[in-house]
Amino acid sequence: MQKTLIRDILSATSPAREVTVCGWIRTRRDGKGVTFLELNDGSCLTNLQCVVDAGTPALEGLGDNGTGAAIMVSGELVPSPGKGQAWEIQARAITVFGPADPERYPLQKKRHSDEFLRTIAHLRVRTNKYSAAFRIRSEAAYAIHSFFRSQGFYEVHCPVLTGSDCEGAGEMFRVTTLAPGERDLSKDFFNRACNLTVSGQLEAEALAMGLGRVYSFGPTFRAENSNTPRHAAEFLMVEPEMAFADLGDLMDLAENLVHSVTDSLLTSCATDISLFDRFVEKGLIDRLKVIASEPFARITYREAIEILKKSGRDFVYPVSYGTDLQTEHERYLAEEHFGRATIVTDYPREIKAFYMRNNDDGETVAAMDVLVPRIGELIGGSQREERLDLLEHRILELGQQLSDYDWYLDLRRFGTNPHAGFGLGFERLIMMLTGIANIRDVLPFPRTPGNLDF
RNA sequence: UCCCCAAUAGCUCAAUCGGCAGAGCGGGUGACUGUUAAUCACUAGGUUGGCGGUUCAAGUCCGUCUUGGGGAGCCA
């Protein structure tokens, strides 16, 4: 049987004698002579109106099923005489696949709070807001792949299971097959400690040293006890790594990526984004147009400190050279001072990771953070230290063992070159694109401290 | 992990000074209509998050735990 997606039906240019659609009933309105169904199949935001006349086999097939039921409707596609839709289906036959008991089905024909919908994450995709959010997720991922492909990058797949426990990106989840209480790691699956990855960066660097330009796009895990609307224990990270590139190249890449993805989403997800513009964040579309077209502000850490000092603001955390920028500082820079995406570069080496390239001034490293209004840090990256002696010195300075980084140091022993990369938090990008304020609502099944349902 | 706020019907929320547990939506029943957040009438629905305390009397005050939200730290 030929089934048509509602998305395709709604863009029809002519009537059709026989179409078949499948979907879930969103609402049902009964009259004496006619019943109206709003059918949604997830292919797009808009529902398809199905008209079921009284006394027909179609109504008999429908029975008393309403909101939430999964059905198949066959009939004629005709121009709708009513207001509100161009097309409707005059139903000839209806098959019910799965009813939804209205006394127990949690989704009603009304607005629910995000907090309530999180408790039924397995069902919330059947609402307008969440189906739109997850369609945007998919389109954003597609746009990211398209961008990198157009720039000569190859996607690489970095391992989720890692023996490295010293990447310094946060607390790690331990993975083990040992029985509870057993502590002898030599008897564990890998004969050593194993963790879930916090970043594919080190592996991506290795792959960039042969493929030139690569990016990984995969899950990462942080066992931090972070309870904020911007952190999750499992999230996707986009991590490009470029050989023969410096910090300037990296900033251009980050800016072009965000421009490109935002611009293409404004077209490919126009209907879904307009939903968020109306009901979630007023003015979202205008803000996205700015993000898609305006150059990012670019300042050094030193300049950022000067701006903050001159701001006259009474910050909770005092501003001084040498300490990291706090959330309130980042927000001031991106939201108030510049009013657009802002790249801050060249942080003091003491507050950044060991692998970042030392600048010639001896005190800063070639790091960059991309700060976005309302989101905060969307991207963090750096030019990597390609000089073996300086890298070894930095590792030892931090009290770590060179042997732990043996394979990573090989990349500097053989064919080293200036290279750079960053990590982009995919969920934060989706928050930016939708205006959704809580990361738990852009992840289909969010993992946060104490929450492992579904 | 720290600070602040909240928890009452399936959902969203009221309940005055501590004094009879309420509404809208949703559900059920019926009416009506090419309807579109349909409309109208009737109706069912409660151990006020758990435990303990104060009081003649606790949804309301106190302690504690749990859960959720906001802010901070950590970061993407």
Side-chain angles (χ1 to χ4, degrees), chain A residues 26-39 46-54 64 66-68 78 80-85 88 90 100-120 127-128 167-171 198-201 217 219-239 254 279 315-317 324-331 351-353 369-372 375-381 422-432 437-443 448-451 453:
Chain A
R26 283 293 178 79
T27 69
R28 167 177 179 158
R29 292 181 292 274
D30 278 305
K32 189 167 243 175
V34 65
T35 292
F36 297 95
L37 301 177
E38 298 283 340
L39 201 65
T46 313
N47 300 325
L48 176 65
Q49 175 158 284
C50 303
V51 184
V52 191
D53 288 332
D64 60 357
T67 303
V78 297
S80 176
K83 290 174 184 167
Q85 61 279 319
E88 65 185 24
Q90 188 68 45
D101 180 357
E103 298 214 46
R104 297 198 301 145
Y105 185 58
L107 292 172
Q108 306 169 355
K109 295 184 283 188
K110 57 170 282 192
R111 293 189 68 164
H112 294 284
S113 66
D114 293 326
E115 290 79 10
F116 170 68
L117 290 170
R118 261 171 234 153
T119 68
I120 50 168
T127 67
N128 284 340
E167 290 171 31
E171 290 297 310
V198 295
S199 165
Q201 180 199 317
F217 187 172
T220 49
F221 306 86
R222 304 283 166 86
E224 299 288 346
N225 188 13
S226 296
N227 293 287
T228 85
R230 298 181 306 281
H231 293 84
E234 176 177 353
F235 61 100
L236 290 184
M237 197 148 59
V238 180
E239 295 181 283
F279 298 117
F315 293 111
V316 175
Y317 291 85
D324 208 355
L325 299 179
Q326 303 296 315
T327 296
E328 59 177 340
H329 305 143
E330 296 180 343
R331 293 191 64 153
I351 60 175
K352 287 294 182 182
D369 284 355
V370 178
L371 311 176
V372 175
I375 304 298
E377 187 178 341
L378 177 69
I379 291 173
F422 63 72
L424 176 149
F426 183 63
E427 280 74 19
R428 291 187 181 173
L429 178 71
I430 305 303
M431 293 169 72
M432 183 192 89
N438 196 313
I439 200 168
R440 296 169 179 86
D441 297 330
V442 297
L443 281 155
T448 50
N451 196 337
D453 295 331

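Letters go in sequence order (proteins before strands), and every chain restarts at 1. Hydrogens, waters and symmetry mates play no part in the numbers below; they use all other heavy atoms, side chains included. No experiment lies behind these values; they were computed from the predicted model shown.
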What contact category does [X] fall into here, base, sugar-phosphate, or nothing, at under 4.0 angstrom with non-hydrogen atoms?
| X | answer |
| --- | --- |
| A:E328 | nothing |
| A:R28 | nothing |
| A:L117 | nothing |
| A:L236 | nothing |
| A:S80 | base |
| A:G380 | sugar-phosphate |
| A:Q90 | base |
| A:F426 | nothing |
| A:P106 | nothing |
| A:E239 | nothing |
| A:H231 | base |
| A:L429 | nothing |

- [ ] Grab the stems for RNA chain B, please: at least three consecutive Watson-Crick or wobble pairs, both distances below 3.5 Å, written as range with range.
- [x] B:1-7 with B:66-72, B:10-13 with B:22-25, B:27-31 with B:39-43, B:49-53 with B:61-65

Do any side-chain nitrogens or oxygens of [X] fall under 4.0 Å of OP1 or OP2 in [N]?
| X | N | answer |
| --- | --- | --- |
| A:Q326 | B:G73 | yes |
| A:S113 | B:C11 | no |
| A:R29 | B:A38 | yes |
| A:R118 | B:G69 | yes |

Whole-Å distance separating the [atom1] atom of [X] from the [atom2] atom of [N]:
| X | N | atom1 | atom2 | result |
| --- | --- | --- | --- | --- |
| A:F116 | B:A9 | CZ | P | 12 Å |
| A:I120 | B:G68 | CD1 | C1' | 15 Å |
| A:R104 | B:C11 | CZ | C1' | 17 Å |

Task: Partners meeting side-chain contact (heavy atoms from CB on, under 4.5 Å) with A:A254 (sequence neighbours left out) - done: A:M368, A:V370, A:I379, A:F422

Measuring only between side-chain heavy atoms, which start at C-beta, is [X] closer than 4.5 Å to [Y]?
| X | Y | value |
| --- | --- | --- |
| A:V34 | A:V51 | yes |
| A:P219 | A:L236 | yes |
| A:R222 | A:E171 | no |
| A:V198 | A:E224 | no |
| A:F235 | A:R428 | no |
| A:D441 | A:R118 | yes |

TODO: Measure from the side chain of A:E88, starting at C-beta and using heavy atoms only, and say which of B:C11, B:A76, B:G34 lies closest.
DONE: B:G34

- [ ] Output the single nucleotide from B:C11, B:A76, B:G34 whose closest atom is nearest the side chain of A:R222.
- [x] B:A76

Quick one: which protein N/O atoms are closer than 3.5 Å to N/O atoms of nucleotides 22-28 of chain B? Pair and distance per line, please.
from  : atom 1 : to     : atom 2 : distance (Å)
B:G24 : N2     : A:K110 : NZ     : 3.4
B:G26 : O4'    : A:Q108 : OE1    : 3.4

Open item on the list: For A:N438 and A:D324, find the nucleotide of RNA chain B closest to each by heavy atoms; which residue's nucleotide sits nearer the 5' end?
Closed with: A:N438

Task: Along RNA chain B (nearest heavy atom to each residue), the more 5'-positioned of A:T27 and A:G425 - done: A:T27

Open item on the list: Is the distance between the ring centroids of A:H329 and A:Y317 under 6.0 Å?
Closed with: no

TODO: Could I get the full list of side chain to side chain donor-acceptor pair (under 3.5 Å) partners for A:E115, not counting sequence neighbours?
DONE: none

- [ ] Verify the neighbour count for atom CZ of A:R331: are there more than 12 heavy atoms of other residues, nucleotides or ligands below 6.0 Å?
- [x] no

Task: A:F36-B:G34 aromatic stacking (under 5.5 Å, under 30°) - done: no

Considering only nitrogen or oxygen atoms on both sides, find all protein atoms under 3.5 Å from nucleotides 2-7 of chain B and state each distance.
none

- [ ] May I ask you to verify whether the side chain of A:S226 and the base of B:C75 hold a donor-acceptor pair under 3.5 Å?
- [x] no

Task: Base B:U35 paired with A:Q85 side chain (donor-acceptor, <3.5 Å) - done: yes

Task: A:R440: partners by salt bridge (Lys or Arg N to Asp or Glu O under 4.0 Å), with sequence neighbours left out - done: none

